[in-house]
Amino acid sequence: MLRTHTCGELNIDHVGQTATLCGWVDTVRDFGGVNFIDLRDRYGLTQVVFNPDAGDEIVSLAGKLRNEFVIKVVGTIRARPEGQANPDLATGEIEFVASELEILNESLTPPFTPGQRVLPGEDLRLKHRYLDLRREKMMSTLVLRSRIIKAMRDYCADNDFIDVETPILGRSTPEGARDYLVPSRVFNGKFYALPQSPQIYKQIMMIAGYDRYVQVARCFRDEDLRADRQPEFTQLDIEMSFVDSEDVIGMIDGMMQKLAKDILDIDIQLPLERLTYDEAMTRFGHDAPDLRFGMEIVDIGEIAAECEFGVFKGTIDAGNFVRGVNGKGAAATYSRKRIDELTESVKDDFGAKGLAWFRCEEDGSLFSPIAKFFTEDQLNAIKTKLGAEPGDLLMFIADTFEVSCKSLYSIRKKFGAEFELYDPKQMHFSWVVEFPMFEKDEDNDRWAAMHHPFTAPLDECLSELDDAPEKSRAKAYDLVINGYEAGGGTIRIHDSQIQQKVFGLLGMNEQECEERFGFLLDALRYGAPPHGGLALGIDRIVMLFAGLDNIRDCIAFPKTQRANDMMTEAPNVVEEKQLRELGIEITKKVEPLV
RNA sequence: GGCGCAGUAGCUCAAUUGGUUAGAGUCCCGGACUGUCGAUCCGGAGGUUGCGGGUUCGAGUCCCGUCUGCGUCGCCA
């Protein structure tokens, strides 16, 4: 090692000792005579002092130091003069008096420095990621990530899980998300697909008798990005044999308890809170509700059916819903203009036809442009149902169940953040269970698997597969943390006949089944144990544990919204020769990324 | 694919309703300074206002298109 100590470890106990430090120049304070450098490495900052009595040569060399130069300094540790300790610095009681200085490498003037207070634009940070990653916050987040993954792996190892790597080059399965494709050189015209998840491989591992499988698995989905979604992301992928939902949930309960304790030093009570999918949608309008606060959705269908307001009445007559939420104390901040903006957003985003609102006045009466269509009794009933008090703003959506869910969920989410209805430091873990097996695929007018096509129905729903597939519920469970889907899993179908029936419902005929999943159906016929598992979104869990609102800050080298890597400029054009070998002809010429 | 926000000096931002030579801080360069820790002080350099059109006597500002980044809807088994 070029160094004897790190920049974070020297303290008053080292006074008088000689040491060698290496690191980056974080800041320079040049007084002409005496010269201070804050030297930085992964472990911290140490103030290095260059005194004239160290000699002209070293003083002159120290004068050349600039931000982000990499240096090696030999010197002695000295207590700082009386009254000059820096309490903000772990090493603030001492300083490092340099006797030798070597510039290991210079740096160009950086476009931004890791220590600067104002964060530069994210595009610049991504372009110069090597500088951005030097920032303390990025370092602490990646260290946190490393600790979380270690805790997960330790927990799995303690519970007899076997870590198995599965292929990155796989086969395209057109179900689900768009695949990233890799052309084959040997078989021109054929393609591998990068895995959306190791789903099938881990099921095969169960059939092969490995009993408990785990993998920190990179997954790829070629869909549009969000603040919490990247095209490649990391899952803790788990599968277990001879289990039912309770066993998998119980295993993950224990893991979350350990994570919360080890990482955040908080104690969480087990079992974790549990909601059914139907309950979550009814009460919160979403399958991953933030349970750190209330503001639950209230159905006023009974009142709406009786009132004179045509929109409400008509909605109920058509078999749809009138539901609303109470924005506690929001009347003061929500002017007519802001309510209009809210209305526009639910119209634009979710196709709601409008947003009805009532303001609870000082005297307890309800003010609203539509109040005249309601009797006094009806207004009072609304007040009671939503628990309205003076200053509250009641908002209602009259629409299909789905539109009311999406609209009210978005309002609830917005208000939760805006009115600080929860402690941002609080962590809330819960499960949402019993998802529907299928949802309507409007584009193709057929059923689509809500989770994936290998999901087992609840035992009591087996018979419904034939006559009422929309009613059948799955042995599916999602882990929800603070309103984010942090993971999800299912018990799988281990019976090839049921599997084939589900494939059939999804619109695959026998031939298609054999072509796409013949190997799985075969495997199921060779002694498949009951099995199930789940996958945890590691990037999201890191984001939540770090208190961040953006998944890119939890990934060392993330991609932009258009899936570019701004540093390497991937994706990019390739040489003509490479294309020829792959038998690929580009019909639309593109310029390299700039 | 839709909607929205942003793009001005290396960086972070400002620039009145469309009006003089586009400013400030920081960074950079030079100088001064022996106890700072966002060092300070003096001087200097630094601009195709993302790009392309248009309107106008005049455009950073208004209009159209386009590129890039971010948020969001669709999408994400």
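To find a chain, count down the sequence lines: A is the first, B the second, and so on, and within it residues start at 1.
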Take the protein atom [atom1] of [X] and the nucleotide atom [atom2] of [N], then report the distance between them rounded to whole Å.
X	N	atom1	atom2	result
A:K414	B:rC73	NZ	P	13 Å
A:F36	B:rC33	CZ	P	16 Å
A:N51	B:rU36	CG	P	14 Å
A:F50	B:rG35	CZ	P	17 Å
A:N67	B:rG38	CG	C1'	12 Å
A:R540	B:rC76	CZ	P	14 Å
A:K64	B:rG30	NZ	C1'	15 Å
A:Y180	B:rC76	OH	P	15 Å

Looking at [N], I'd like to know if its phosphate oxygens (OP1 or OP2) sit under 4.0 Å from a side-chain N or O belonging to [X].
X	N	answer
A:K406	B:rG74	yes
A:N564	B:rG69	yes
A:R66	B:rC27	no
A:T560	B:rG69	yes
A:R29	B:rU36	no

Distance check, [atom1] atoms only: [N] and [M], in whole angstrom units.
N	M	atom1	value
B:rC13	B:rG7	C1'	12 Å
B:rC76	B:rG52	C1'	36 Å
B:rC51	B:rA59	P	15 Å
B:rG47	B:rC27	C1'	16 Å
B:rG2	B:rC11	C1'	34 Å
B:rA45	B:rU72	C1'	43 Å
B:rA9	B:rC29	C1'	15 Å
B:rG43	B:rU26	P	13 Å

Of the options [options], whose atoms approach the side-chain atoms of [X] most closely?
X	options	result
A:P52	B:rG69, B:rU34, B:rC28	B:rU34
A:D349	B:rG38, B:rA39, B:rC73	B:rC73
A:D30	B:rU34, B:rC76, B:rC33	B:rC33

*Give me the ring orientation class for A:Y130 and A:H128: parallel if the planes are under 30° apart, tilted from 30 to 60°, perpendicular past 60°.*
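Rings of A:Y130 and A:H128: perpendicular, over 60°.
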*Relative to the ring of A:F419, is the ring of A:Y334 parallel (under 30°), tilted (30 to 60°) or perpendicular (over 60°)?*
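Aromatic pair A:Y334/A:F419 classed tilted.
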*So does A:D38 reach the base of B:rC37 with its side chain, donor to acceptor, closer than 3.5 Å?*
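Between B:rC37 and A:D38, which were checked side chain against base, a qualifying N/O pair under 3.5 Å is absent.
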*Tell me whether A:F31 is stacked on the nucleobase of B:rU34, counting only the six-membered base ring and applying the 5.5 Å and 30° thresholds.*
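No; centroid distance or tilt outside limits.
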Could you tell me whether [X] and [Y] make a salt bridge, using a distance below 4.0 angstrom between a side-chain N and a carboxylate O?
X	Y	answer
A:K202	A:D237	yes
A:R492	A:E239	yes
A:R29	A:D38	yes
A:R338	A:E418	yes

Any chance the side chains of [X] and [Y] put a donor and an acceptor closer than 3.5 Å?
X	Y	result
A:Q203	A:Y201	no
A:S172	A:D179	yes
A:T113	A:E68	no

*Where is the tightest heavy-atom contact between A:R134 and A:P114, given as atom of each residue plus distance?*
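Smallest heavy-atom distance, with atoms named: CB-CG, 3.5 Å.
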_Applying salt bridge (charged side-chain N to carboxylate O under 4.0 Å, His left out) as the test, list every pair that has at least one member in residues 505-521 of chain A; sequence neighbours left out._
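Matches after skipping sequence neighbours: A:E175-A:R516, A:E514-A:R525.
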Scan [X] against the nucleic acid and name what it touches under 4.0 Å (heavy atoms): base, sugar-phosphate only, or nothing.
X	result
A:R552	sugar-phosphate
A:A449	sugar-phosphate
A:R562	sugar-phosphate
A:T455	nothing
A:R78	base

*Pick the nucleotide of RNA chain B nearest each of A:A177 and A:N550; which residue has the one closer to the 5' end?*
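This one resolves to A:N550.
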*Quick one, give me the B/S/- string for nucleotides 9-14 of chain B, reading 5' to 3', where B means a protein heavy atom under 4.0 Å from the base and S means that only happens at the primed atoms, P, OP1 or OP2.*
-SSS--
Using Watson-Crick or G-U wobble geometry with both distances below 3.5 Å, tell me the partner of [N], or none.
N	answer
B:rU36	none
B:rC13	B:rG23
B:rG65	B:rC51

*Between A:F284 and A:H286, is a ring-ring contact (aromatic ring centres under 6.0 Å, His included) present by the stated rule, with each step listed?*
CA-CA 6 Å; A:F284 303 100; A:H286 197 257; over 10 Å; no
_Give the residues of residues 223-230 of chain A touching RNA chain B, defined as any heavy atom closer than 4.0 Å, sorted by residue number._
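Correct list: A:E223, A:D224, A:R226, A:A227, A:R229.
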